[in-house]
**Student:** 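This is the structure, below, for whatever I ask next.
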Amino acid sequence: MEASEYLSVLNPEQLEAVKHTGSPLLILAGAGSGKTRVITTKIAYLIQELGVNPSSILAVTFTKKAAQEMQERAERLEPFSVKSNIRTFHSFGAWFLRLNAEEANLSPNFTVYDDDDMVTIVQKAIPVLSKQEASGVAHKISLAKDYCMECDDPNLISISSDPDFPEQYTLYQKRLEETGNVDFGDLIMKPVLLMRDNPTVRNYMHRRFSVIMVDEYQDSNVAQFKLLQMLSGEKTYVCVVGDDDQSIYKFRGAEVRNILDFQKQFPGTQVIKLVRNYRSFAPILGIADAVVSHNTDRLGKTLTAERGEGKHKPELIFLANQDDEAHWVSQKIKESVKLGVPFSDWAILYRTNAQSLEFETEFLHKHIPYSVVGALKFYEREEIKDIVAYLSFLSNPKDEISFRRIVNKPARTVGSVSQDKIISLYQKNKTEGSPYTILDACIDALKILPKKARDGINEFVELIQNARVEIGMSSLSSQEVLIAVKKQEAIIAQEIGIGQNETLTNSFSDELSVENVTEKRIKQKKLSDFIDKLIEKSHIKNYHESQDEISGTQRVLNLQEFVNSAVLYECTPLGLCDFLDHIELDRSLENPYGEDNEDAVTLITLHNTKGLEFPRVIITGLEYGVFPRRDKVDSELEEERRLFYVGLTRAQNELYLTSCTMRRLYGRTDFMEPSPFLSEIKPEQIEITGKIPYSFRKSSYNSQNSFGKSIDSFYSKKISSIENDISEIAEIWQKGKKIYHDDYGYGMIIRTTADDAEYVITVQFENGAVKRFMPKYNANRLMIVKD
DNA sequence: CCCGTCGTTATTTTT
DNA sequence: TAACGACGGG
């Protein structure tokens, strides 16, 4: 696509951000201000207009979803973006560590342990701890790693005042390193340490990436900041994008200071603010602004509503209890649906997952389709963890945690005592960098095991060895993985023009050819078939089949789904490694059965809404103690307020807030006070319905005439908000107009219709697609191209 | 090795 | 309240 075309849809600030070069750049992008468009356009612009080599562009995001979206949209603007590195922080770390596996003292086909695995390692490393204590320690260790603190860092005291903690951390780390694997924290921290200590690697990276962009910078942690710092050489162009008002992950180590202090950390930084909001009507933004301006620690900005006033005044509804709340919500949805609103327009937001239950039961009763976001965590299911453990162990047979998980599953009479014997033998026999594995230890341990366990181990070893042969795994294959990774990198290094006398490339530079690496991937049989067979042979299928019968679960189905997801990977050590990376770095897979096409109401926690938008939003449970939680004060209260801000700014057209007088909590029914955030909204900004709690009336609403309409009158009230100013919209979106859509590119309006409530345009896109839109709801993704 | 019972304990969670 | 884990008995 021509630059003049994609630049023409930008507003002046966006354009400035895209064209900016030279100094570091901080883009403060408010909610709904077209942030992703700016980043993707910038990538295209850099490649097309400034001649930057696409391979030397690194764009990092936090979620896989965001990375994918960014990649797709960038490619639509500039096909060569396919070569850019658009990935999550963690997948970048995994790539980095695989490339530098030797220097980082890891096996190149390492896998990544999740939080549960961390707990298991803590327990094995420090057996005196109870499970609960172990998970506390594991949590603190990951926090320490988020702050990039090593075992001997004196600042560990700020993570935990427990004098044993540094030692616990040390024991954990030692045990972890014996497995040759890493945890999530290592994926960021180890690259930082390696670059700090190894100038060759650091200098290589400086030449490797000339442009680094970071999305959602407000949620980066200290380790990620240090990674950015390490990756930035003198000539690196650094651009971070974020919104300090949307920082909501402090409890996971995110550091708002990163964005607040960016200008200090990167001297000469230019700041560009994107404050034109294309998502929400003005009254919604007004409320959001009124609330968030109560925070003190912020850079400060006010969004302007490009969509104008709208017809709907946000509503605050006071209800008696959570049953009424669920009832009111379902009533509201049903009324709107009668008027032709799709269920998918609606999102119900709440602070804690447990709050979804009320709505789920109510919706089941009322036959309202819904989907709960983040509820089914596919990769946390037992059966999936089992098969992943089998694969991880195949890939890296030093993996103690996976070994313990699978060796006796299904039962092979190898209990924990036998497992301990094998592991301690492994620890005794292995030496630094030796190829000795747990599998070898199993064989060597046969003599010291009881007969029953011996049979089981024989069975297990045979199973694993056969599988390893089948996938082509040998004692050398970890080297093969390394060489393959380095080859790929060497090709790119050559393209970018980084000299050949690098440690990275010199050992095999003569073998280079583009086909070598890419062509290989097409042949071979599918990894999915291999996994399918493994599920049979290992008997985990049988095992979970019987579990299904007992408890009516769908484990076999889930296993099948897992198998299917491997269909695009080849059955080789490298293919397996790729696949494991893919799943381990994306635990968020929702709705594996593809139900997401259905027209359904979204039930979602406030945290999970980040980056999303909905035409109609209801934020529920606005009571002190629920949201914000009672224990939140000072900076943590500010974070809760930002969470509220994030929720508010998800709404495009209509916004409702609900608060209950009474709530069942932990088995008790308690009287609740309204959330203090509600009194930060000015009375004239919101329409109040229901019985206003006395304390609330007194605190900020006593001069208000509105006592609120009674609930009954509300239920009978006709919904008028749907009537929109159609003529105003029709004037803008006329037949023949050329438009641009973020997902589909350029097109032309070929038909317009106005039925009783909605104005619909039909667009013929240049890529052939014909789509129908309601401009009212799509104003932020869809725009008219000026001639 | 599996099942039932009792007691404990309640956030948010991109990777 | 409800859900999960620890523990003990069959």
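The sequence lines fix the lettering, A, B, ..., with proteins before strands; numbering per chain opens at 1. Owing to the predicted nature of the structure, the values given are computational and were not obtained by experimental measurement. Note: hydrogens, waters and symmetry copies are ignored here, and every other heavy atom, side chains too, is used.
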**Student:** Among the candidates B:dT14, B:dT12, B:dT15, find the nucleotide nearest to the side-chain atoms of A:Asp115.
**Tutor:**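 For the A:Asp115 side chain, the nearest candidate turns out to be B:dT15.
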**Student:** Got a sec, which pairs hit side chain to side chain donor-acceptor pair (under 3.5 Å) with one end in residues 619-634 of chain A, sequence neighbours left out?
**Tutor:**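 Residue pairs with at least one partner in residues 619-634 of chain A: A:Glu623-A:Arg663.
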**Student:** What residues form a side chain to side chain donor-acceptor pair (under 3.5 Å) with A:Thr40, not counting sequence neighbours?
**Tutor:**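 Checked A:Thr40 against side chain to side chain donor-acceptor pair (under 3.5 Å); zero matches.
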**Student:** Of the candidate nucleotides B:dT15, B:dT13, B:dT12, which contains the atom at the shortest distance from the side chain of A:Asn608?
**Tutor:**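 Nearest to the side-chain atoms of A:Asn608, counting from C-beta on, is B:dT13.
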**Student:** Pull out every protein N or O sitting under 3.5 Å from an N or O of nucleotides 4-10 of chain B, one pair per line with the distance.
**Tutor:**
none

**Student:** Has A:Phe251 got its ring stacked on B:dT12, by the test of a centre gap below 5.5 Å and a plane angle below 30°?
**Tutor:** yes
**Student:** Please name all residues satisfying salt bridge (Lys or Arg N to Asp or Glu O under 4.0 Å) with A:Glu177, sequence neighbours left out, ordered by chain then number.
**Tutor:**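 Scan of A:Glu177 (salt bridge (Lys or Arg N to Asp or Glu O under 4.0 Å), adjacent residues dropped) gives A:Lys190.
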**Student:** Whole-Å distance between B:dT12 C1' and A:Lys250 NZ?
**Tutor:** 14 Å
**Student:** Between C:dA2 and B:dT13, how far apart are the C1' atoms? Round to whole Å, please.
**Tutor:**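 These two C1' atoms come out 22 Å apart once rounded.
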**Student:** Can you check the A:Leu187 CG to B:dT15 C1' distance for me, whole Å?
**Tutor:**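 To the nearest whole Å, that distance equals 8 Å.
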**Student:** Kindly indicate whether the side chain of A:Arg252 and the base of B:dT14 share any N or O donor-acceptor pair separated by less than 3.5 Å?
**Tutor:**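 No, the side chain and the base share no sub-3.5 Å donor-acceptor pair.
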**Student:** Has A:Asn353 got a side-chain N or O lying under 4.0 Å from the OP1 or OP2 atom of B:dT13?
**Tutor:** yes
**Student:** Where do A:Asp297 and A:Glu638 come nearest, in terms of heavy atoms and distance?
**Tutor:**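 That would be N-OE1, 3.4 Å.
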**Student:** Rounded to the nearest Å, what distance is computed from the CG atom of residue A:Asp114 to the P atom of nucleotide B:dT14?
**Tutor:**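 In whole Å, B:dT14 P and A:Asp114 CG are 12 Å from each other.
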**Student:** Just to confirm, is there a sub-4.0 Å distance from OP1 or OP2 of B:dT14 to any side-chain nitrogen or oxygen of A:Thr61?
**Tutor:** no
**Student:** Of all residues at least two apart in sequence or in a different chain, which pass the salt bridge (Lys or Arg N to Asp or Glu O under 4.0 Å) check with A:Glu150?
**Tutor:** A:Arg196
**Student:** Which value, in whole Å, describes the distance between the P atoms of nucleotides C:dG5 and B:dT12?
**Tutor:** 16 Å
**Student:** Taking atom P of B:dT14 as reference, at what distance in whole Å does atom CG of A:Leu585 sit?
**Tutor:**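 Between P of B:dT14 and CG of A:Leu585: 13 Å.
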**Student:** Quick one: ring pair (Phe, Tyr, Trp, His ring centres under 6.0 Å) partners of A:Phe627, sequence neighbours excluded?
**Tutor:** A:Phe644, A:Phe677
**Student:** On DNA chain C, which is the earliest and which the latest nucleotide, 5' to 3', with an atom closer than 4.0 Å to a heavy atom of chain A?
**Tutor:** C:dT1 to C:dA6
**Student:** Distance-only check: which donor-acceptor pairs under 3.5 Å involve side-chain atoms of residues 213-224 of chain A, not counting sequence neighbours?
**Tutor:**
from: A:Asp215; atom 1: OD1; to: A:Lys35; atom 2: NZ; distance (Å): 3.3
from: A:Glu216; atom 1: OE1; to: A:Gln218; atom 2: NE2; distance (Å): 2.8
from: A:Glu216; atom 1: OE2; to: A:Lys35; atom 2: NZ; distance (Å): 3.1
from: A:Gln218; atom 1: OE1; to: A:Asp243; atom 2: N; distance (Å): 3.0
from: A:Asp219; atom 1: OD1; to: A:Ile248; atom 2: N; distance (Å): 3.3
from: A:Asp219; atom 1: OD2; to: A:Lys610; atom 2: NZ; distance (Å): 2.2
from: A:Ser220; atom 1: OG; to: A:Tyr217; atom 2: O; distance (Å): 2.8
from: A:Ser220; atom 1: OG; to: A:Asn258; atom 2: ND2; distance (Å): 2.9
from: A:Asn221; atom 1: OD1; to: A:Ala223; atom 2: N; distance (Å): 3.1
from: A:Asn221; atom 1: OD1; to: A:Gln224; atom 2: N; distance (Å): 2.8
from: A:Asn221; atom 1: ND2; to: A:Asp146; atom 2: OD1; distance (Å): 3.4
from: A:Gln224; atom 1: OE1; to: A:Asn221; atom 2: N; distance (Å): 2.8

**Student:** Of A:Arg351 and A:Ala411, whose closest DNA chain B nucleotide lies nearer the 5' terminus?
**Tutor:**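 The 5'-side residue here is A:Ala411.
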**Student:** Indicate the atoms forming the closest heavy-atom contact of A:Glu400 with A:Tyr113, along with that distance.
**Tutor:**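 Smallest interatomic distance, heavy atoms only, reads N-OH, 4.0 Å.
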**Student:** With sequence neighbours excluded, give me every ring-ring contact (aromatic ring centres under 6.0 Å, His included) pair touching residues 401-420 of chain A.
**Tutor:** A:Phe393-A:Phe403, A:Phe403-A:Phe460
